[in-house]
*Asks:* 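First, the structure itself, so that you have it in front of you.
Just so we're clear, the structure is a prediction, and the values are computed from it rather than from any experiment. Every chain is numbered from 1, with letters handed out A, B, ... down the list of sequences.
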Amino acid sequence: MDDDKIIDLFLARDERAITETSSKYGAFLFSAAERITASSTDADECVNDTYLQAWNGIPPAEPRGYFRTYLLRITRHAALDICRKRDAEKRSALMTEITEELENCLSDRQTAESAVEYKELGALINRFLKQQKELDRNIFIRRYYMAHSVEQISKSLGINKNRVKSVLFRTRNKLKVYLESEGYFV
Amino acid sequence: MNTYDILYSMDYIENDLIEEAAVYNGNKKRRIIIKCISAACVILAVGITGINIQNSISIKNRDITQRFGMLKVDPDVEKPLKLNATLSNIYPYFEYLYKITTEYDNFDVIYGTVKNITTVKKIIPSPASVYYITAFDIDIIKSYRVTPEKETVKAISISCKRMASAPDIGPSYFNISEGQSSIFTLWAKNARVDWSGIEDLHIDPYDYADYVVSTQFDTDDNGAKIAWYGYMTFEEIQELFDNAPYNKEYLLEKYGT
(Lines give C-alpha, C1' and ligand atoms only; values in the text may rest on other atoms or scores of the structure.)
Protein backbone atom coordinates (compact mmCIF):
# COMPACT_ATOMS: atom_id res chain seq x y z
CA MET A 1 0.00 0.00 0.00
CA ASP A 2 1.11 3.50 -0.79
CA ASP A 3 2.63 5.40 2.16
CA ASP A 4 0.09 8.20 1.88
CA LYS A 5 -2.76 5.71 2.15
CA ILE A 6 -1.20 4.16 5.24
CA ILE A 7 -0.88 7.60 6.79
CA ASP A 8 -4.54 8.24 5.94
CA LEU A 9 -5.41 5.07 7.88
CA PHE A 10 -3.46 6.38 10.88
CA LEU A 11 -5.24 9.71 10.65
CA ALA A 12 -8.60 7.92 10.48
CA ARG A 13 -7.62 5.88 13.58
CA ASP A 14 -8.07 2.71 11.53
CA GLU A 15 -6.12 -0.19 13.06
CA ARG A 16 -5.33 -1.53 9.60
CA ALA A 17 -2.68 1.18 9.62
CA ILE A 18 -0.59 -1.04 11.89
CA THR A 19 -1.07 -4.13 9.74
CA GLU A 20 -0.21 -2.27 6.56
CA THR A 21 2.81 -0.62 8.14
CA SER A 22 4.05 -3.93 9.40
CA SER A 23 3.44 -5.60 6.08
CA LYS A 24 5.40 -2.95 4.19
CA TYR A 25 8.12 -1.98 6.64
CA GLY A 26 8.13 -4.65 9.36
CA ALA A 27 11.10 -6.59 7.99
CA PHE A 28 13.04 -3.39 7.25
CA LEU A 29 12.52 -2.05 10.77
CA PHE A 30 13.22 -5.40 12.38
CA SER A 31 16.55 -5.76 10.61
CA ALA A 32 17.50 -2.19 11.53
CA ALA A 33 16.73 -2.87 15.20
CA GLU A 34 18.40 -6.26 15.14
CA ARG A 35 21.61 -4.80 13.73
CA ILE A 36 21.79 -2.39 16.65
CA THR A 37 20.59 -4.62 19.47
CA ALA A 38 21.90 -7.96 18.16
CA SER A 39 18.84 -9.58 19.66
CA SER A 40 15.73 -10.73 17.83
CA THR A 41 13.64 -10.40 20.99
CA ASP A 42 14.80 -6.83 21.59
CA ALA A 43 14.36 -6.02 17.92
CA ASP A 44 10.82 -7.32 18.07
CA GLU A 45 10.12 -5.06 21.03
CA CYS A 46 11.60 -2.07 19.21
CA VAL A 47 9.41 -2.70 16.19
CA ASN A 48 6.29 -3.09 18.33
CA ASP A 49 7.19 0.14 20.12
CA THR A 50 7.57 1.79 16.74
CA TYR A 51 4.03 0.84 15.70
CA LEU A 52 2.63 2.11 18.97
CA GLN A 53 4.58 5.36 18.85
CA ALA A 54 3.48 5.88 15.26
CA TRP A 55 -0.10 5.20 16.34
CA ASN A 56 0.20 7.75 19.12
CA GLY A 57 2.19 10.23 17.00
CA ILE A 58 0.04 10.35 13.86
CA PRO A 59 -1.81 12.66 14.19
CA PRO A 60 -0.57 15.27 14.94
CA ALA A 61 2.46 14.19 12.89
CA GLU A 62 1.76 13.59 9.21
CA PRO A 63 5.02 12.22 7.80
CA ARG A 64 4.13 12.31 4.12
CA GLY A 65 7.14 11.85 1.89
CA TYR A 66 9.31 10.48 4.69
CA PHE A 67 7.20 7.79 6.34
CA ARG A 68 9.95 5.19 6.16
CA THR A 69 12.44 7.54 7.77
CA TYR A 70 9.88 8.54 10.38
CA LEU A 71 9.48 4.88 11.39
CA LEU A 72 13.18 4.14 11.16
CA ARG A 73 13.95 7.06 13.45
CA ILE A 74 11.63 5.69 16.15
CA THR A 75 12.98 2.16 15.79
CA ARG A 76 16.58 3.30 15.87
CA HIS A 77 16.03 5.44 18.93
CA ALA A 78 14.30 2.58 20.75
CA ALA A 79 17.18 0.26 19.84
CA LEU A 80 19.79 2.78 21.01
CA ASP A 81 17.90 3.16 24.29
CA ILE A 82 18.12 -0.58 24.83
CA CYS A 83 21.84 -0.58 24.00
CA ARG A 84 22.51 2.34 26.27
CA LYS A 85 20.69 0.69 29.16
CA ARG A 86 22.63 -2.52 28.94
CA ASP A 87 25.71 -0.70 27.61
CA ALA A 88 29.04 -2.45 27.49
CA GLU A 89 28.08 -5.62 29.31
CA LYS A 90 26.01 -6.92 26.44
CA ARG A 91 26.73 -4.44 23.70
CA SER A 92 26.54 -6.05 20.29
CA ALA A 93 29.75 -6.56 18.38
CA LEU A 94 28.57 -4.16 15.70
CA MET A 95 27.67 -1.42 18.18
CA THR A 96 31.01 -1.90 19.90
CA GLU A 97 32.72 -1.41 16.56
CA ILE A 98 30.68 1.68 15.75
CA THR A 99 31.12 3.37 19.11
CA GLU A 100 34.83 2.57 19.17
CA GLU A 101 35.23 4.13 15.76
CA LEU A 102 33.52 7.27 16.95
CA GLU A 103 35.44 7.29 20.23
CA ASN A 104 38.65 7.54 18.25
CA CYS A 105 37.62 10.95 17.06
CA LEU A 106 35.33 12.05 19.91
CA SER A 107 36.30 12.12 23.56
CA ASP A 108 34.17 12.04 26.71
CA ARG A 109 34.89 15.57 27.84
CA GLN A 110 31.49 16.95 27.03
CA THR A 111 28.08 15.30 27.18
CA ALA A 112 24.89 16.47 25.60
CA GLU A 113 22.24 16.50 28.29
CA SER A 114 19.13 17.83 26.71
CA ALA A 115 17.09 17.42 23.57
CA VAL A 116 18.04 20.97 22.61
CA GLU A 117 21.73 20.08 22.72
CA TYR A 118 21.14 16.94 20.70
CA LYS A 119 19.20 19.02 18.21
CA GLU A 120 21.98 21.59 17.95
CA LEU A 121 24.53 18.87 17.44
CA GLY A 122 22.23 17.22 14.92
CA ALA A 123 21.96 20.46 12.99
CA LEU A 124 25.76 20.70 12.83
CA ILE A 125 26.03 17.13 11.59
CA ASN A 126 23.43 17.91 8.93
CA ARG A 127 25.43 20.89 7.76
CA PHE A 128 28.61 18.84 7.77
CA LEU A 129 27.07 15.98 5.81
CA LYS A 130 25.68 18.27 3.16
CA GLN A 131 29.20 19.48 2.47
CA GLN A 132 30.44 15.94 1.81
CA LYS A 133 30.46 14.05 -1.48
CA GLU A 134 27.30 12.02 -2.12
CA LEU A 135 29.09 8.69 -1.78
CA ASP A 136 30.90 9.68 1.42
CA ARG A 137 27.74 11.08 2.97
CA ASN A 138 25.72 7.97 2.25
CA ILE A 139 28.39 5.61 3.51
CA PHE A 140 28.57 7.63 6.74
CA ILE A 141 24.79 7.61 7.24
CA ARG A 142 24.53 3.92 6.50
CA ARG A 143 27.26 3.13 8.97
CA TYR A 144 26.42 5.45 11.87
CA TYR A 145 22.71 6.01 11.42
CA MET A 146 21.55 2.66 10.05
CA ALA A 147 24.29 0.61 11.74
CA HIS A 148 25.22 -1.30 8.61
CA SER A 149 28.38 -3.37 8.73
CA VAL A 150 31.27 -2.41 6.50
CA GLU A 151 30.66 -5.59 4.55
CA GLN A 152 26.99 -4.76 4.00
CA ILE A 153 27.85 -1.29 2.76
CA SER A 154 30.51 -2.70 0.51
CA LYS A 155 28.11 -5.22 -1.00
CA SER A 156 25.14 -2.91 -1.37
CA LEU A 157 27.17 -0.16 -3.00
CA GLY A 158 29.36 -2.49 -5.03
CA ILE A 159 32.62 -1.05 -3.74
CA ASN A 160 35.67 -2.48 -2.03
CA LYS A 161 35.59 -2.89 1.79
CA ASN A 162 38.87 -1.04 2.16
CA ARG A 163 37.42 1.89 0.31
CA VAL A 164 34.43 1.95 2.67
CA LYS A 165 36.78 1.92 5.68
CA SER A 166 38.90 4.64 4.20
CA VAL A 167 35.89 6.86 3.47
CA LEU A 168 34.63 6.37 7.02
CA PHE A 169 38.04 7.19 8.49
CA ARG A 170 38.36 10.36 6.45
CA THR A 171 34.81 11.48 7.19
CA ARG A 172 35.20 10.91 10.95
CA ASN A 173 38.34 13.00 10.99
CA LYS A 174 36.66 15.75 9.02
CA LEU A 175 33.69 15.64 11.40
CA LYS A 176 36.02 16.02 14.36
CA VAL A 177 37.66 19.08 12.85
CA TYR A 178 34.28 20.54 11.90
CA LEU A 179 32.75 20.07 15.35
CA GLU A 180 35.83 21.60 16.99
CA SER A 181 35.59 24.59 14.71
CA GLU A 182 31.98 25.02 15.82
CA GLY A 183 32.94 25.06 19.50
CA TYR A 184 32.36 21.44 20.40
CA PHE A 185 35.28 20.16 22.42
CA VAL A 186 35.82 16.80 20.92
CA MET B 1 31.43 14.11 24.21
CA ASN B 2 29.92 10.67 24.65
CA THR B 3 29.74 8.60 21.50
CA TYR B 4 26.08 7.90 22.22
CA ASP B 5 25.54 11.67 22.03
CA ILE B 6 26.63 11.58 18.42
CA LEU B 7 24.45 8.55 17.75
CA TYR B 8 21.44 10.22 19.40
CA SER B 9 22.07 13.57 17.73
CA MET B 10 21.89 11.73 14.42
CA ASP B 11 18.18 11.39 15.14
CA TYR B 12 18.07 14.94 13.81
CA ILE B 13 19.62 14.17 10.46
CA GLU B 14 17.25 15.53 7.88
CA ASN B 15 14.76 13.17 6.32
CA ASP B 16 16.01 13.86 2.80
CA LEU B 17 19.52 12.77 3.68
CA ILE B 18 18.35 9.53 5.27
CA GLU B 19 16.05 8.75 2.37
CA GLU B 20 18.91 9.44 0.00
CA ALA B 21 21.18 7.04 1.91
CA ALA B 22 18.47 4.38 2.07
CA VAL B 23 18.04 4.27 -1.70
CA TYR B 24 21.56 5.23 -2.74
CA ASN B 25 22.75 2.63 -5.13
CA GLY B 26 26.42 3.33 -5.77
CA ASN B 27 27.59 1.59 -8.86
CA LYS B 28 24.22 0.93 -10.45
CA LYS B 29 25.50 -0.70 -13.62
CA ARG B 30 27.50 -3.29 -11.72
CA ARG B 31 24.61 -3.99 -9.38
CA ILE B 32 22.24 -4.53 -12.30
CA ILE B 33 24.65 -7.06 -13.82
CA ILE B 34 24.94 -8.87 -10.48
CA LYS B 35 21.15 -8.92 -10.12
CA CYS B 36 20.75 -10.33 -13.64
CA ILE B 37 23.29 -13.08 -12.91
CA SER B 38 21.55 -13.85 -9.58
CA ALA B 39 18.14 -13.98 -11.23
CA ALA B 40 19.47 -16.32 -13.92
CA CYS B 41 20.96 -18.59 -11.24
CA VAL B 42 17.66 -18.70 -9.36
CA ILE B 43 15.71 -19.57 -12.50
CA LEU B 44 18.25 -22.27 -13.33
CA ALA B 45 18.12 -23.69 -9.82
CA VAL B 46 14.32 -23.80 -9.82
CA GLY B 47 14.35 -25.42 -13.25
CA ILE B 48 16.77 -28.10 -12.13
CA THR B 49 15.04 -29.04 -8.91
CA GLY B 50 11.55 -28.72 -10.36
CA ILE B 51 10.27 -28.20 -6.87
CA ASN B 52 9.79 -24.85 -5.31
CA ILE B 53 9.61 -25.88 -1.71
CA GLN B 54 9.77 -22.34 -0.44
CA ASN B 55 6.72 -21.47 -2.45
CA SER B 56 4.62 -24.25 -0.98
CA ILE B 57 5.64 -23.20 2.52
CA SER B 58 4.77 -19.59 1.94
CA ILE B 59 1.39 -20.54 0.48
CA LYS B 60 0.60 -22.51 3.62
CA ASN B 61 1.61 -19.65 5.86
CA ARG B 62 -0.18 -17.10 3.75
CA ASP B 63 -3.33 -19.15 3.98
CA ILE B 64 -3.45 -19.10 7.75
CA THR B 65 -2.28 -15.50 7.86
CA GLN B 66 -5.11 -14.46 5.60
CA ARG B 67 -7.64 -16.39 7.59
CA PHE B 68 -6.64 -14.54 10.71
CA GLY B 69 -6.15 -11.27 8.89
CA MET B 70 -2.97 -10.89 10.87
CA LEU B 71 0.73 -10.67 10.49
CA LYS B 72 2.88 -13.69 10.07
CA VAL B 73 6.01 -13.98 12.15
CA ASP B 74 8.54 -16.71 12.16
CA PRO B 75 8.26 -18.63 15.40
CA ASP B 76 11.39 -17.68 17.24
CA VAL B 77 11.82 -20.78 19.31
CA GLU B 78 13.91 -20.32 22.37
CA LYS B 79 16.23 -23.07 23.35
CA PRO B 80 14.27 -25.11 25.86
CA LEU B 81 15.41 -25.20 29.41
CA LYS B 82 16.42 -28.50 30.83
CA LEU B 83 14.30 -28.81 33.90
CA ASN B 84 14.35 -31.30 36.66
CA ALA B 85 11.00 -32.93 36.06
CA THR B 86 10.09 -35.75 38.36
CA LEU B 87 6.90 -37.67 38.72
CA SER B 88 6.43 -36.71 42.32
CA ASN B 89 6.30 -33.03 41.69
CA ILE B 90 4.01 -33.38 38.71
CA TYR B 91 1.34 -35.28 40.65
CA PRO B 92 -0.15 -32.26 42.38
CA TYR B 93 -0.84 -30.70 39.04
CA PHE B 94 -2.65 -33.80 37.85
CA GLU B 95 -4.69 -33.75 40.98
CA TYR B 96 -5.55 -30.15 40.29
CA LEU B 97 -6.56 -31.05 36.77
CA TYR B 98 -8.79 -33.80 37.99
CA LYS B 99 -10.41 -31.44 40.40
CA ILE B 100 -11.27 -28.90 37.77
CA THR B 101 -12.61 -31.52 35.41
CA THR B 102 -15.47 -31.80 37.83
CA GLU B 103 -16.20 -28.14 37.16
CA TYR B 104 -15.62 -27.84 33.44
CA ASP B 105 -17.02 -29.70 30.47
CA ASN B 106 -15.17 -30.89 27.48
CA PHE B 107 -11.68 -30.64 28.74
CA ASP B 108 -8.80 -32.93 28.17
CA VAL B 109 -5.19 -33.51 28.94
CA ILE B 110 -3.13 -35.21 26.30
CA TYR B 111 0.44 -36.14 25.82
CA GLY B 112 1.37 -35.57 22.21
CA THR B 113 3.84 -34.34 19.65
CA VAL B 114 3.67 -30.94 18.01
CA LYS B 115 3.80 -30.45 14.25
CA ASN B 116 2.77 -27.92 11.58
CA ILE B 117 3.31 -24.81 13.68
CA THR B 118 2.22 -21.47 12.33
CA THR B 119 2.54 -18.38 14.47
CA VAL B 120 0.80 -15.12 13.72
CA LYS B 121 0.76 -11.99 15.75
CA LYS B 122 -1.73 -9.22 16.11
CA ILE B 123 -0.97 -5.83 17.52
CA ILE B 124 -3.79 -4.08 19.28
CA PRO B 125 -2.87 -0.42 19.63
CA SER B 126 -5.45 0.31 22.25
CA PRO B 127 -5.09 -1.11 24.82
CA ALA B 128 -1.46 -1.56 23.91
CA SER B 129 -0.79 -5.23 23.54
CA VAL B 130 0.67 -7.79 21.21
CA TYR B 131 -0.97 -11.15 20.87
CA TYR B 132 0.79 -14.21 19.54
CA ILE B 133 -1.45 -16.87 18.16
CA THR B 134 0.09 -20.21 17.45
CA ALA B 135 -1.82 -22.82 15.51
CA PHE B 136 -0.46 -26.33 15.44
CA ASP B 137 -1.39 -29.98 15.25
CA ILE B 138 -0.77 -32.47 18.02
CA ASP B 139 -0.25 -36.13 17.25
CA ILE B 140 -1.79 -37.83 20.23
CA ILE B 141 0.33 -40.33 22.10
CA LYS B 142 -1.78 -40.58 25.23
CA SER B 143 -5.08 -39.04 26.14
CA TYR B 144 -6.27 -38.43 29.64
CA ARG B 145 -9.94 -37.88 29.30
CA VAL B 146 -12.37 -36.87 26.58
CA THR B 147 -10.45 -36.36 23.37
CA PRO B 148 -12.41 -38.12 20.66
CA GLU B 149 -10.95 -41.00 18.75
CA LYS B 150 -8.57 -39.00 16.70
CA GLU B 151 -4.91 -39.46 16.04
CA THR B 152 -4.32 -35.77 15.62
CA VAL B 153 -6.06 -32.69 16.98
CA LYS B 154 -5.88 -29.14 15.76
CA ALA B 155 -4.90 -26.82 18.58
CA ILE B 156 -4.30 -23.15 19.03
CA SER B 157 -2.57 -21.21 21.75
CA ILE B 158 -2.96 -17.53 22.40
CA SER B 159 -0.54 -15.48 24.38
CA CYS B 160 -0.21 -11.82 25.10
CA LYS B 161 3.19 -10.27 25.36
CA ARG B 162 4.24 -7.20 27.29
CA MET B 163 2.96 -3.72 26.47
CA ALA B 164 1.69 -1.41 29.15
CA SER B 165 -0.45 -3.14 31.70
CA ALA B 166 -1.93 -5.74 29.38
CA PRO B 167 -1.95 -9.04 31.24
CA ASP B 168 -0.04 -11.99 29.92
CA ILE B 169 -2.31 -14.82 28.98
CA GLY B 170 -1.71 -18.37 27.95
CA PRO B 171 1.52 -20.20 27.37
CA SER B 172 4.12 -18.22 25.51
CA TYR B 173 4.46 -19.09 21.86
CA PHE B 174 8.15 -19.46 22.56
CA ASN B 175 7.43 -22.67 24.38
CA ILE B 176 6.11 -24.61 21.44
CA SER B 177 8.48 -26.11 18.97
CA GLU B 178 8.22 -28.54 16.08
CA GLY B 179 8.57 -32.19 17.10
CA GLN B 180 8.31 -31.41 20.79
CA SER B 181 6.40 -33.88 22.95
CA SER B 182 4.55 -32.28 25.82
CA ILE B 183 1.51 -32.57 27.97
CA PHE B 184 -1.18 -30.14 26.90
CA THR B 185 -4.34 -29.00 28.57
CA LEU B 186 -7.04 -28.65 25.95
CA TRP B 187 -10.31 -26.82 26.11
CA ALA B 188 -13.04 -27.56 23.61
CA LYS B 189 -15.54 -25.03 22.47
CA ASN B 190 -18.25 -25.69 24.99
CA ALA B 191 -15.89 -25.75 27.95
CA ARG B 192 -16.89 -23.15 30.46
CA VAL B 193 -13.76 -21.08 30.23
CA ASP B 194 -13.53 -17.35 30.66
CA TRP B 195 -12.04 -15.98 27.47
CA SER B 196 -12.48 -12.35 28.41
CA GLY B 197 -8.70 -11.90 28.35
CA ILE B 198 -8.68 -12.19 24.59
CA GLU B 199 -11.77 -10.19 23.79
CA ASP B 200 -9.68 -7.52 22.07
CA LEU B 201 -8.79 -10.00 19.39
CA HIS B 202 -12.35 -10.16 18.10
CA ILE B 203 -11.91 -13.72 16.96
CA ASP B 204 -13.35 -17.04 17.99
CA PRO B 205 -10.36 -19.38 18.40
CA TYR B 206 -12.59 -22.33 17.63
CA ASP B 207 -13.08 -21.11 14.11
CA TYR B 208 -9.51 -22.24 13.59
CA ALA B 209 -8.94 -25.21 15.86
CA ASP B 210 -10.66 -28.05 17.72
CA TYR B 211 -9.08 -27.04 21.01
CA VAL B 212 -7.45 -24.12 22.70
CA VAL B 213 -4.33 -25.05 24.61
CA SER B 214 -4.40 -23.38 27.95
CA THR B 215 -1.36 -24.99 29.45
CA GLN B 216 1.76 -26.80 28.59
CA PHE B 217 3.50 -27.84 31.67
CA ASP B 218 6.57 -29.01 33.35
CA THR B 219 7.79 -28.73 36.84
CA ASP B 220 10.62 -26.79 38.26
CA ASP B 221 12.64 -27.49 41.35
CA ASN B 222 10.04 -25.83 43.51
CA GLY B 223 7.24 -28.20 42.65
CA ALA B 224 4.34 -28.23 40.28
CA LYS B 225 4.62 -24.80 38.80
CA ILE B 226 4.70 -24.71 35.48
CA ALA B 227 6.44 -24.20 32.21
CA TRP B 228 6.56 -27.31 30.17
CA TYR B 229 9.40 -27.74 27.75
CA GLY B 230 8.83 -31.37 26.91
CA TYR B 231 11.85 -32.89 28.46
CA MET B 232 10.33 -35.90 30.14
CA THR B 233 11.15 -39.14 28.47
CA PHE B 234 8.47 -41.20 26.81
CA GLU B 235 8.81 -43.83 29.52
CA GLU B 236 8.29 -41.23 32.22
CA ILE B 237 5.17 -39.96 30.51
CA GLN B 238 3.87 -43.51 30.08
CA GLU B 239 4.38 -44.10 33.76
CA LEU B 240 2.69 -40.86 34.60
CA PHE B 241 -0.38 -41.69 32.59
CA ASP B 242 -0.58 -45.34 33.47
CA ASN B 243 0.30 -45.38 37.13
CA ALA B 244 0.01 -41.90 38.55
CA PRO B 245 -2.26 -41.54 41.55
CA TYR B 246 -4.83 -39.50 39.74
CA ASN B 247 -7.07 -42.51 39.24
CA LYS B 248 -10.63 -41.95 40.20
CA GLU B 249 -10.55 -43.86 43.45
CA TYR B 250 -7.48 -42.03 44.68
CA LEU B 251 -8.82 -38.62 43.83
CA LEU B 252 -12.33 -39.29 45.08
CA GLU B 253 -10.82 -40.34 48.33
CA LYS B 254 -8.60 -37.31 48.48
CA TYR B 255 -11.04 -34.67 47.32
CA GLY B 256 -14.34 -36.34 48.05
CA THR B 257 -15.98 -35.28 44.80
Side-chain angles (χ1 to χ4, degrees), chain A residues 15 18-19 22-23 26 40-41 44-45 48 51-52 55-56 63 65-66 68-70 72-73 76-77 80 83-84 98-100 102-103 106-112 117-126 129-130 134-135 137-138 140-142 144-146 156-159 179 184-186, chain B residues 1-35 65 68-78 120-132 161-164 166 172-174 200 202:
Chain A
E15 290 183 7
I18 305 284
T19 315
S22 176
S23 167
S40 57
T41 308
D44 205 22
E45 297 290 342
N48 290 336
Y51 298 145
L52 286 170
W55 179 260
N56 293 329
Y66 61 97
R68 172 173 49 186
T69 298
Y70 173 84
L72 178 59
R73 179 168 285 137
R76 180 182 176 275
H77 203 107
L80 281 178
C83 284
R84 192 168 206 175
I98 287 176
T99 50
E100 278 176 4
L102 289 172
E103 275 160 11
L106 304 166
S107 77
D108 277 345
R109 276 175 281 164
Q110 185 178 335
T111 302
E117 285 172 274
Y118 281 129
K119 205 169 180 175
E120 279 174 7
L121 191 52
L124 282 178
I125 292 172
N126 272 315
L129 288 173
K130 282 178 185 170
E134 190 182 29
L135 175 69
R137 173 168 66 232
N138 290 319
F140 187 88
I141 291 176
R142 283 197 187 201
Y144 300 118
Y145 186 88
M146 299 176 182
S156 63
L157 299 186
I159 56 177
L179 290 179
Y184 273 82
F185 303 105
V186 292
Chain B
M1 189 180 304
N2 191 303
T3 50
Y4 273 106
D5 292 339
I6 290 283
L7 293 173
Y8 276 112
S9 63
M10 286 184 191
D11 281 351
Y12 295 96
I13 289 181
E14 288 173 12
N15 298 321
D16 289 351
L17 293 178
I18 297 167
E19 283 290 320
E20 178 196 74
V23 299
Y24 184 71
N25 211 5
N27 188 339
K28 288 179 186 169
K29 197 173 171 185
R30 182 176 167 181
R31 285 176 55 74
I32 288 167
I33 291 168
I34 291 170
K35 275 187 182 173
T65 305
F68 284 117
M70 295 171 194
L71 320 170
K72 177 183 158 290
V73 293
D74 293 322
D76 183 3
V77 180
E78 277 188 345
V120 295
K121 77 173 173 182
K122 184 173 186 184
I123 296 167
I124 309 285
S126 180
S129 47
V130 181
Y131 287 91
Y132 290 86
K161 187 164 171 265
R162 195 176 86 84
M163 293 293 176
S172 162
Y173 79 105
F174 288 128
D200 299 327
H202 303 298

*Asks:* Measure across Ala21(B) and Asn138(A) and return the closest heavy-atom pair with its distance rounded to 0.1 Å.
*Replies:*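 Nearest pair, atom of Ala21(B) first, then Asn138(A): CA-OD1, 3.2 Å.
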*Asks:* Supply the atom-to-atom distance Ile18(B) CD1 to Arg68(A) CZ, rounded to the nearest 0.5 angstrom.
*Replies:*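 The CZ atom of Arg68(A) is 10.5 Å from CD1 of Ile18(B), to the nearest 0.5 Å.
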*Asks:* Measure the spacing between CG of Asn15(B) and OH of Tyr70(A) and express it to the nearest 0.5 Å.
*Replies:*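 Those atoms lie 11.0 Å apart.
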*Asks:* Sequence neighbours left out, what passes side-chain contact (heavy atoms from CB on, under 4.5 Å) with Asn126(A)? Give chain and number order.
*Replies:*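 Expected list: Ile13(B), Glu14(B), Leu17(B).
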*Asks:* ring-ring contact (aromatic ring centres under 6.0 Å, His included) with Tyr145(A): which residues, sequence neighbours excluded?
*Replies:*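 With sequence neighbours excluded, Tyr145(A) shows a ring-ring contact (aromatic ring centres under 6.0 Å, His included) to no residue whatsoever.
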*Asks:* At a heavy-atom separation under 4.5 Å, does Leu124(A) approach chain B through its side chain, its backbone, both, or neither?
*Replies:*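 Neither part, no heavy atoms under 4.5 Å.
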